[in-house]
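Step one of this worksheet: look at the structure below.
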Amino acid sequence: MPKGRVSIVVERCKACGFCVEFCPTHVLALSSAFNSKGYHPPHVVHPEKCSGCDLCGMYCPDFAIFATKVDPAKGGDK
Amino acid sequence: MPDSLINDPVNPAVNPVEPFLRSDRMPSIWCPGCGIGTTVNSFARALIDSKIDLQSLALVSGIGCTGRVAGYVKLDSFHTTHGRAIPFATGLKLANPKLNVIVYSGDGDLSAIGGNHLIHAARRNIDLKVICVNNLIYAMTGGQTAPTTPEHSTTSTNPYGVFEPAFNLPHLVEAAGAVYVARWTTFHVRQLTRSIGEAFQKKGFSFIEVISPCPTLYQRRNKMGDGLDAMKFYKEKSKVRNGAPTSEVGLTMTGEIVVGKFVDRERPDYQTLMRAQYAESLGERFVEQAEMVCS
């Protein structure tokens with residue numbers, strides 16, 4: 001059961017790769033798909049590893065990604 | 001397109017910094033790999049953490065890449081003329097002393113054309129919070145040498161290498177009289193958030209320098225890779241030394257980047273001194289100005 005969940009606003013992403021590089025548990029990777037500006041946004045490759053620390057959200061220069069903690073008792077967001 | 005790329009319809013969460021942004025202006029004009037957005041992110045999180053009243057905030061910025069911040073934050077903000085962010089902010093603060101005035105601008109705007117205003121605002125200790133995003137170059141105008149460009153780097157106006165000595169901004173503002181001086185890089189997001197929060201608590205001239213990548217001009221001309229390479233460079237080369245003497249924290253092109261909180265001291269600010277002087281000279285005739293009400 002993952003402790004967190006990543007949300008990505010694909011159209012804002014400029015593929016700088018900060019979130020992919022600095023994710024402590026290596027949840028993300030740049031995808032091969034394009035957004036409408038022609039960048040490769042990140043996608044979640046290991047959703048089970050996400051701790052919901054929101055470091056990706058703190059590093060993102062374009063406010064395109066953030067993580068939320070998941071409450072295991074409710075199975076939803078805290 | 002993989003499913004994970006599409007916005008999750010069952011997840012109602014929104015980005016915590018979204019209420020502080022003018023979302024209709026996104027995506028920003030900043031280049032991919034630019035660090036200015038990261039500093040805005042840290043600034044917004046500092047606003048969340050400090051629970052400051054947004055109605056009491058005003059953000060003033062000058063011209064340049066960082067000057068665009070005023071257009072992306074959902075606060076009372078003002079995009080002023082080149083180099084004059086601090087004079088406009090001083091006027092705001094003097095007219096309405098209860099306002100928390102933040103100056104958010106770049107190194108070229110604050111230390112080159114606005115250098116005079118920077119040192120005199122620090123000398124007079126006007127209660128401003130200055131966030132200076134230092135990308136080591138004039139970025140918006142095409143990569144000319146700035147007062148902060150380190151020696152031996154290459155710019156469009158110094159194609160054989162910069163030979164001028166650079167400004168050491170923390171040393172400059174400490175010598176001029178700032179009460180709070182810190183430096184972080186865009187790699188140190190949590191420390192930067194905490195530092196901005198501390199600056200909100202200080203009364204007087206607070207100065208936070210943030211070293212930020214400029215992949216399009218500085219990094220490209222100096223063959224230092226892209227924004228991500230710059231972040232890895234900051235991670236490798238930066239050294240936290242809180243309370244370090246600011247005379248020793250000058251930046252070089254490839255050397256160590258000393259980061260941390262360098263100065264945290266108390267000095268009476270401009271308005272305190274002004275009131276004290278008037279009360280002493282005028283005695284009973286001195287009347288505190290009436291509170292301004294904006295309706």
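Below, read A as the first sequence line, B as the second, and so on, with proteins coming before strands; counting in each chain starts at 1.
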Quiz item: How long is the span from the OG1 atom in B:Thr186 to the CZ atom in A:Phe18, to the nearest 0.5 Å?
Solution: 6.0 Å
Quiz item: Which heavy-atom pair separates A:Ile65 from B:Asn15 by the least distance, and what is that distance?
Solution: O-ND2, 3.9 Å
Practice problem: Determine whether B:Ser23 and A:Arg12 make a side-chain contact, defined as any pair of heavy atoms from C-beta on separated by less than 4.5 Å. | Solution: yes
Exercise. Search all heavy atoms of B:Cys34 against all heavy atoms of A:Pro61 and return the closest pair with its distance.
Key: O-CB, 3.5 Å
Exercise. Please flag which part of B:Asp226 lies under 4.5 Å from any non-hydrogen atom of chain A: side chain, backbone, both or neither.
Key: neither
Quiz item: Do B:Thr38 and A:Phe63 have side-chain heavy atoms sitting under 4.5 Å apart?
Solution: no
Quiz item: Within a reach of under 6.0 Å around NZ of A:Lys3, are more than 12 heavy atoms found that belong to other residues, nucleotides or ligands?
Solution: no
Practice problem: Answer yes or no: is there a side-chain heavy-atom contact under 4.5 Å between B:Pro32 and A:Asp62? | Solution: no
Quiz prompt | CD-CE distance between A:Glu21 and B:Met231, expressed to the nearest 0.5 angstrom | solution = 9.5 Å
Quiz item: What do you reckon, is CD of B:Gln55 surrounded by more than 12 foreign heavy atoms closer than 6.0 Å?
Solution: no
Quiz item: Are any of the side-chain heavy atoms of B:Met26 and A:Val9 separated by less than 4.5 Å?
Solution: no
Quiz item: Side chain, backbone, both or neither: which part of B:Ile36 has an atom under 4.5 Å from a heavy atom of chain A?
Solution: neither
Quiz item: Side-chain contact, heavy-atom cut-off 4.5 Å: A:Asp54 with B:Arg45?
Solution: yes
Exercise. State, with a plain yes or no, whether a side-chain heavy atom of A:Lys14 is found less than 4.5 Å away from one of B:Cys31.
Key: no
Quiz item: With only heavy atoms counted, which part of B:Val189 is less than 4.5 Å from chain A, the side chain, the backbone, both or neither?
Solution: both
Exercise. Name the member of B:Ser28, B:Pro215, B:Pro27 that forms the most heavy-atom pairs with chain A at distances under 4.5 Å.
Key: B:Ser28
Quiz prompt | Other residues, nucleotides, ligands: >12 heavy atoms within 6.0 Å of B:Arg22 CZ | solution = yes
Quiz prompt | Selection from A:Gly17, A:Gly57, A:Ala67 maximising heavy-atom pairs under 4.5 Å formed with chain B | solution = A:Gly57
Quiz item: Mind checking whether B:Lys235 and A:Phe22 have side chains closer than 4.5 Å, heavy atoms only?
Solution: yes
Quiz item: Between B:Tyr72 and chain A, which part of the residue has a heavy atom less than 4.5 Å away: side chain, backbone, both or neither?
Solution: neither
Practice problem: State, with a plain yes or no, whether a side-chain heavy atom of B:Pro16 is found less than 4.5 Å away from one of A:Phe66. | Solution: yes
Exercise. For each of B:Ala44, B:Gly33, B:Gly35, tally heavy-atom pairs with chain A at distances under 4.5 Å, and name the one with the top tally.
Key: B:Gly33
